[in-house]
Structure formats: C-alpha cells, structure tokens
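Written out below as structure tokens is the structure these notes cover.
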Amino acid sequence: FQKVKISTWRLLLWLLTRNYNIMAAGLFVVFLIATLVLTAYLVYRYAEPSVSIWVLLLVGFTWWLSFAIVAIMPFDVSATFYLNCVKKVYCLNVTEVEYDSDGCSPMTSLRITDPIGWCDSHQDCECLAPQSWVGSNILNGFWNLVYWSSQLLTWILLPIIEGYMSAGDFTVGKKLKASLRENAIVYASLGLVALIVVIYMVVKNGMGPDQLKATIMMTSNMWGLFMVILLLGYGLVDVPRRLWARTNHVKSLRILHFRASKLSSEIAEAQDEEDEIEEEVRSLSGLIRPADEYKEYVEILVRKAKLTDVGEYSDYRPNEDDGVDMGKLVSLHKRLIRNKRVVNRCQCQWNALMDQIFEMEDVIACQDSDSKQFVRSLGTTPKYPQQVWLWKTKVKPVIMRMLAVICAIMSTLLLWSEVTFWSAEPVMSVFAIALVHEGQALSYVSLEFLSMMTLFYLCICTYIVVFKLRLFNFYYLVPNRHTDSSSMLFSAMLLSRLTAPLCLNFISMVHLDSHVANTNATSLVQETSFTQVQGHMDLFNQLNAYYSIIVLLVALLVIFRCGTRYLTLCGIQRFIDDDEETDDMVKEGKLLAGRERRRRERSGNAHANFISTKEKMFADKVSLRSTGTATRKKGSSVARRKSPSMAEMMESGQTSNSLADDMDLSDSKPKTEKKGGRFANLFGGSSSKVEDEVALLDDDLLTNTPPTRTRNARVDDRNLFDDI
C-alpha cells in the first residue's frame with residue numbers, strides 16, 4: 001500500500017509541476033484510454049450479467065493494468081535509446097550503469113550540468129528526443145504504480161475475493177473466513193519455499209536490503225516466467241495454424257461437430273450431477289423439523305435448486321449417520337453453486353455452438369451457388385446477400401491465409417530469437433539486431449512500431465491460450481457474456497501474473513537487459529525504466545540454455561500434436577484427423593446438430609434455446625452413446641466400438657423417410673414389434689431403459705412440453721404417424 005501511495009503521489013506531482021511535451025503527454029493518455037476501451041469491451045464480452053459490479057471493477061482494473069504495461073513499453077524503449085545517446089555524448093567516462101534518472105552520475109565527468117534539460121531547451125542538441133518522450137520520472141512512477149498495484153491484486157485481493165465467491169457458507173463473515181483459510185494454506189506452502197530460497201541467497205551471497213528486495217521481486221516473477229515459456233511455445237505454433245484452419249470450411253465444420261458431441265456429454269454429466277444434488281436437497285428437507293436451527297439454510301438450498309416437490313419432515317432414518325449439520329449444508333451449497341454455473345454456461349455454449357454450425361453449413365451450401373448470394377437456412381437473409389457471399393466465400397479465406405503466412409513468419413523469427421537471445425556476441429536474435437539498429441539511428445517511429453508489433457504478437461500468442469484455457473473444466477472464459485465471477489477473477493489473476501514476466505522476456509530477447517546480454521555488444525549504458533523497477537532475469541543467468549530448450553521443445557510438441565495424441569490415449573478425446581474415434585464423435589455431433597435444426601424449424605425461432613428441460617439432453621446422450629461411445633473411460637486407451645453407431649446404420653441401411661426425418665436413422669433389418677415402439681430394433685442388445693428414454697425423447701420433440709422423467713418408465717407403442 002505504501003509503494004502504491006508513493007507512486008501515485010509522484011505521478012500527480014509530476015503532472016502538476018513539470019513543463020512537459022503536450023504531444024508526448026497526449027500520446028501517453030491516448031494509449032491508456034485505448035487500453036481502457038479494450039478492457040471495457042472484453043469485460044462486457046465475457047462477464048455474465050449476474051456478476052456484481054465490484055467484481056467487474058476489480059477484474060477490469062486488473063486487466064487494464066496488464067494491457068497498459070504492453071501499451072507503454074514502446075515509450076520506455078525509445079526513451080532508453082534517447083537517454084543512452086545523451087549520456088554518451090554529454091557524460092564522460094561512462095563505463096558502467098551508474099547514473100541518476102535525468103543526468104550523469106556523480107562518478108563521471110560532466111560536459112553539461114543538466115544534459116537532459118539542456119537538450120529539451122536547445123534545438124542543436126545532438127540527440128533528438130522522441131515525440132513520445134515524457135521524462136524518466138513519469139515512466140518510473142507509472143511502472144511503480146502498475147507493478148505494486150498488480151502485486152497487491154494478484155496475490156492478495158483477487159484470491160480472497162475468488163474464494164469468497166466460491167464458498168458455500170451462508171453468511172458474509174463465514175464466507176470470508178473460509179476464503180482466508182483456503183488461501184492461508186496455499187500461501188503458507190508457497191511462503192515456506194520462498195523463505196528457504198531467500199535465506200539461501202542471503203547466506204550464500206550476503207545480500208543487503210536492496211539486493212534482497214530485488215531477489216524477492218524476481219522470485220515472485222518466477223512462476224510467471226515458467227508459465228510464459230509454456231504458453232508462448234504453444235501460442236507461437238497454434239496462432240498461425242488456427243488461422244490457416246479457418247480457411248478450410250469443411251474441416252471447420254467437422255471440428256464444430258466434434259465439439260458438439262463433447263459438449264452434449266458435458267451437459268448430460270452436469271445435469272446428472274444436478275439430479276443428484278436435487279435428491280440430496282429433498283432428503284435434507286425431509287430431515288429438518290419446522291423449528292430446526294438449520295431450517296433457513298435448507299430453505300436457501302431449496303430456493304436455489306428451484307424445487308417445488310420437497311418432502312415433509314419424517315423421523316425415519318435409514319442410516320445412523322443420516323442427519324443435518326453445518327458442514328454437510330456448506331458442502332452441498334458449494335456443489336449447488338458450482339453445478340448451476342456449469343449447467344447454465346454449457347447450455348449457453350450449446351446455443352452459440354449451434355449458431356456457428358448452422359452458419360458454417362450455410363457457407364458451404366452457398367459456396368458454389370450460381371446466384372452468388374448468401375442465404376441463411378435459419379433466420380433472416382442478410383441485407384446485402386451478394387456482398388456477404390463475396391466476403392464469406394472469397395475474400396475472408398484469402399485474408400485468413402495471408403494472416404496465417406505473416407503469423408507463421410513472425411512465429412519463426414520469434415522462436416529463433418527466443419532460442420538465441422542468450423548469445424551476446426555474436427548477436428543472433430533477429431529482433432535484437434533490428435531494434436538496436438533503429439534505436440542507435442534514433443529512428444524512434446520505426447523503433448516504437450517494431451517494439452509494439454513484437455509485443456502485440458507476443459501477447460496474442462500468450463493471451464489466446466489464457467482466454468481458451470480450461471482448468472478443472474470450471475475455470476474458463478466463455479464469450480457472449482456467459483462467464484461467471486470465479487472464472488473472471490481467476491483469469492484476472494493469471495493475466496496479471498503473466499504480463500510483467502512477458503515484458504521481461506521481451507526486454508531480454510532484444511538485449512536491453514544488461515544482466516542477460518553483454519551491453520558492450522549493443523553499446524547501451526542505459527537501462528529501461530521497467531527493468532529498474534521490475535529487476536532483472538538474474539536467476540536465469542545459468543539457465544538461459546535450458547530456457548531456450550524448453551521453448552523449442554514445447555513448440556515441437558505442439559507442431560507434431562504430441563499433447564493431443566497423449567490426451568487421447570489417456571481417454572480425454574481430442575480432435576485428430578483420420579481417427580476412428582474422432583469420426584464417430586463427428587457423426588454424433590452432426591446428428592445432434594441436425595436434430596437441433598429441425599427443432600428450431602418446428603418452433604419457428606432460429607435462436608430458440610437449445611433445451612428447456614434436462615430430460616431431453618439426458619435422453620439424447622443415452623440414445624447416441626448407447627451403441628458403444630460410452631465405452632470410453634478416463635485413463636484407458638482409446639476404445640473401439642463393438643457395434644455400429646447410428647450414423648453408420650443410417651449410411652449403410654435403407655432410408656426410411658418417416659423415421660430418418662425425425663431421428664436421422666434407418667435400418668435395413670426386418671422390423672419386429674416389441675415393447676417401446678419402432679425404435680426398439682435400432683438398439684440390438686440395449687436395455688429397456690434406453691428404449692424408454694428414446695421414446696420419451698421423441699414425444700418431447702413432437703409436443704415441445706417438458707416431460708416428467710422416470711428412470712424405468714414404459715410408454716405406449718409408437719407408429720408411423722407419431723413419427724411424422
């Protein structure tokens with residue numbers, strides 16, 4: 001708090017007293033406002049409406065700090081080369097980095113008492129100041145403000161608030177206590193490790209207070225540096241590959257169908273968990289007396305679970321352990337909160353995914369159209385169908401290919417620079433050569449542009465993984481305003497811990513860190529203001545070669561899809577071309593999308609909600625997975641189907657117009673009447689439960705009314721007219 005306070009007062013004092021360049025100050029403010037607008041857009045795009053305003057403000061401020069670091073870094077780079085020129089021309093005997101912020105060091109001879117001030121007031125100065133020069137004081141104050149604010153948020157405030165939002169307690173005080181207890185356990189473990197490292201460094205090197213402070217700051221960045229290595233190695237390969245894949249509409253549609261199959265399973269699992277929680281809430285409600293002390297807490301659970309058919313109090317206890325205590329209520333409440341978030345988010349994801357599938361199907365259907373007009377099969381036709389057709393089928397694929405090629409070149413150059421940045425003589429980093437050349441020539445515009453584009457691409461490669469990362473299948477960002485408070489807070493913590501190490505990595509890669517690269521090779525005697533505040537990558541002095549190897553290794557693993565194949569072998573199915581299991585899931589996703597299309601056509605609403613009751617999704621999962629897909633288990637190798645899938649039946653059998661129109665199924669075998677209707681013979685060897693669920697599903701599709709699902713219910717026989 002003291003650091004933030006001092007940095008803020010210095011910043012305000014500078015704004016009030018300094019006679020600064022109006023254009024430089026304007027550029028500085030414009031960049032900060034641009035990052036603020038970007039932050040506001042991202043918060044609006046991801047945060048669901050139910051997120052509280054104070055969580056939005058905290059997350060937005062944390063994201064803004066992360067983006068502001070990247071936006072202001074080019075100003076610091078140009079200021080570094082300007083100060084380097086001034087000190088070389090107007091300061092004598094500069095052999096090491098010993099100087100104050102705006103002048104020569106007392107240990108050097110002075111040609112001019114105040115070289116920076118003299119150059120600001122004289123046009124014949126040999127070192128021209130950049131248009132973005134705002135003074136080193138403002139940069140130091142800004143970096144101090146950003147750094148200490150980020151540390152306060154990412155290590156203290158945000159974890160406590162995230163724990164508070166996820167706690168299952170019923171009062172504010174107990175929620176806060178639970179959050180503090182959980183974070184204390186984590187930080188006690190991390191603090192013990194950090195304390196051991198600090199004690200070792202103090203004993204070995206005899207560090208003073210300043211060196212100890214720098215070591216602690218560097219230790220706090222170690223986790224971020226390690227994550228940057230992994231995420232950057234992945235993003236450098238994934239970004240150009242993703243852009244190139246979008247030009248192939250057929251493959252993109254297969255990927256969307258694959259995601260639909262996986263998402264349907266996630267929805268079914270979440271709804272099964274919801275059923276279990278509701279049963280537990282009902283049972284607890286039956287164990288509570290009217291005057292019980294836990295009555296109000298159980299009523300909260302009943303209200304949040306939206307139950308109306310709760311049981312009445314009964315003295316019967318089938319088990320001796322049956323009873324109500326606060327620990328059980330808190331645990332159940334936490335599960336209920338988590339499950340409701342997952343169910344709502346998955347259903348919203350399904351609606352958005354179906355829209356993407358239908359849009360891609362329309363693009364493929366209109367791609368070779370003679371009319372050269374884009375027509376949507378669902379929803380309204382665009383106002384300018386010819387222009388939309390030209391953009392989606394001709395122009396956009398070309399632009400995507402061009403961007404993919406440009407990103408591939410950038411990724412190659414960055415990967416080479418990351419691998420060779422430790423080589424000071426000769427300088428092998430491409431971006432170090434380019435930036436030092438432009439900086440020594442005082443070409444500030446090209447220097448800042450090159451720095452900005454490099455940092456921008458580094459951030460894209462790193463942040464795109466953050467925005468698509470799924471941790472424990474709960475913490476991840478979902479666009480279209482479907483991200484809950486916990487995921488927003490977690491992403492803010494992760495982003496804040498990555499940005500400063502990413503900038504340190506950039507400074508080292510372009511040889512502006514004197515502790516990583518030899519300053520004699522770049523002829524620099526000036527440190528960046530960011531390095532003066534953040535410190536150096538001193539802990540990597542002996543690990544630079546290993547650092548490069550890790551980045552290269554991660555990139556190679558991504559190029560050959562080793563991670564994807566390993567996860568598939570472990571039972572976590574990923575999209576792999578020419579894989580039988582992937583083909584089966586793509587077919588299932590296609591069936592689900594076709595069924596959703598017909599449902600929307602019947603309802604007359606192109607954006608109708610995917611599902612109004614959890615029974616339909618459960619029946620979908622049972623009917624589609626019963627022929628063998630459910631044999632996939634975690635921890636086992638990829639299981640192959642022992643019986644043909646429904647899509648294979650449809651492709652190999654004779655088409656029945658009435659049956660295939662509703663279920664996308666056909667069967668060439670003779671039909672035999674049996675209990676459960678005409679669908680029974682499609683599941684040879686299936687249990688009666690599957691037949692009942694399928695029959696219930698078809699009744700739901702026709703009537704569009706929520707059914708009452710029973711686990712082993714029987715239904716009347718079906719006929720052809722029912723299917724029609």
Side-chain angles (χ1 to χ4, degrees), residues 47-56 160-182 267-348 474 482-489 609 611-618 705-711:
E48 62 183 12
S50 62
V51 178
S52 60
I53 183 64
W54 54 278
V55 172
L56 292 178
I160 293 176
I161 296 173
E162 194 278 327
Y164 174 86
M165 299 299 295
S166 302
D169 297 86
F170 297 92
T171 62
V172 175
K174 291 183 178 179
K175 282 188 174 183
L176 184 59
K177 183 178 179 180
S179 176
L180 292 174
R181 182 171 58 252
E182 291 181 0
I267 295 176
E269 292 172 2
Q271 291 170 343
D272 289 342
E273 175 70 13
E274 186 180 21
D275 288 342
E276 296 178 4
I277 294 174
E278 290 177 358
E279 290 297 330
E280 293 186 28
V281 173
R282 288 191 182 94
S283 63
L284 284 177
S285 178
L287 299 176
I288 294 295
R289 295 183 177 89
D292 198 293
E293 59 176 331
Y294 301 129
K295 179 67 175 179
E296 59 175 329
Y297 302 136
V298 174
E299 289 178 350
I300 293 175
L301 295 177
V302 171
R303 185 171 62 252
K304 289 189 175 182
K306 299 180 181 180
L307 299 179
T308 57
D309 53 340
V310 294
E312 298 180 354
Y313 172 72
S314 175
D315 291 329
Y316 173 69
R317 301 289 187 272
N319 298 316
E320 294 181 358
D321 296 335
D322 286 347
V324 181
D325 56 57
M326 182 55 69
K328 182 181 294 185
L329 292 174
V330 169
S331 177
L332 186 59
H333 189 204
K334 187 173 183 178
R335 288 175 56 201
L336 178 61
I337 294 174
R338 184 186 182 101
N339 178 260
K340 288 297 180 183
R341 291 175 180 175
V342 173
V343 170
N344 294 334
R345 183 169 56 196
C346 287
Q347 290 180 352
C348 295
F474 180 73
H482 298 317
T483 306
D484 58 84
S485 301
S486 297
S487 297
M488 293 290 292
L489 292 167
N609 290 332
I611 211 164
S612 58
T613 58
K614 54 183 173 289
E615 286 81 1
K616 294 181 183 179
M617 196 63 243
F618 178 82
T705 58
T708 301
R709 185 179 66 186
T710 57
R711 296 292 182 180

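Nothing here was measured: the structure is a model prediction, and the numbers come from that model.
- Side-chain contact between K175 and V172: absent, with no pair of heavy atoms (C-beta onward) separated by less than 4.5 Å.
- Looking at residues two or more places apart in sequence or on another chain, you find a side chain to side chain contact (heavy atoms under 4.5 Å, CB included) between S486 and E162, M165, S166, R341, F474, Y475, D484.
- For the pair R345 and S487, the tightest heavy-atom approach, listed with the atom from each and the gap, is NH1-OG, 3.4 Å.
- To the nearest 0.5 Å, atoms CD1 (I277) and NZ (K340) are separated by 8.0 Å.
- Partner L329 forms a side chain to side chain contact (heavy atoms under 4.5 Å, CB included) with one of D169, V281, V298, I300 and no other, that one being V298.
- N339 places no side-chain N or O within donor-acceptor distance of the main-chain N or O of R335, the cut-off being under 3.5 Å.
- Nearest heavy atoms, L332 versus L301: CD2-CD1, 3.9 Å.
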Worked check of side chain to side chain contact (heavy atoms under 4.5 Å, CB included) between H333 and K304
CA-CA 9 Å; H333 189 204; K304 289 189 175 182; 2.8 Å; yes
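- The line from OH of Y164 to CG of L180 is 11.5 Å long, rounded to the nearest 0.5 Å.
- Taking both residues in full, the closest heavy atoms of A47 and L56 are given as CB-CD2, 3.4 Å, listed atom of the first, atom of the second, then distance.
- Heavy atoms only, all atoms of each residue included: Q271 and V343 are closest at N-CG2, 4.4 Å.
- With rounding to the nearest 0.5 angstrom, the OG atom of S285 is 5.5 Å from the NZ atom of K295.
- When all heavy atoms are compared, the tightest approach of S485 to V55 is CB-CG1, 4.4 Å.
- With sequence neighbours left out, E279 forms a salt bridge (Lys or Arg N to Asp or Glu O under 4.0 Å) with R282.
- Remark: K334 engages E182 in a salt bridge (Lys or Arg N to Asp or Glu O under 4.0 Å) (not counting sequence neighbours).
- Interatomic distance, CD of E293 versus CE of M326, reported as 7.0 Å (0.5 Å rounding).
- I160 and S179 get closest at one heavy-atom pair: O-OG, 2.5 Å.
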Could you go through the side chain to side chain contact (heavy atoms under 4.5 Å, CB included) check for L284 and V302 one step at a time?
CA-CA 10 Å; L284 284 177; V302 171; over 6 Å; no
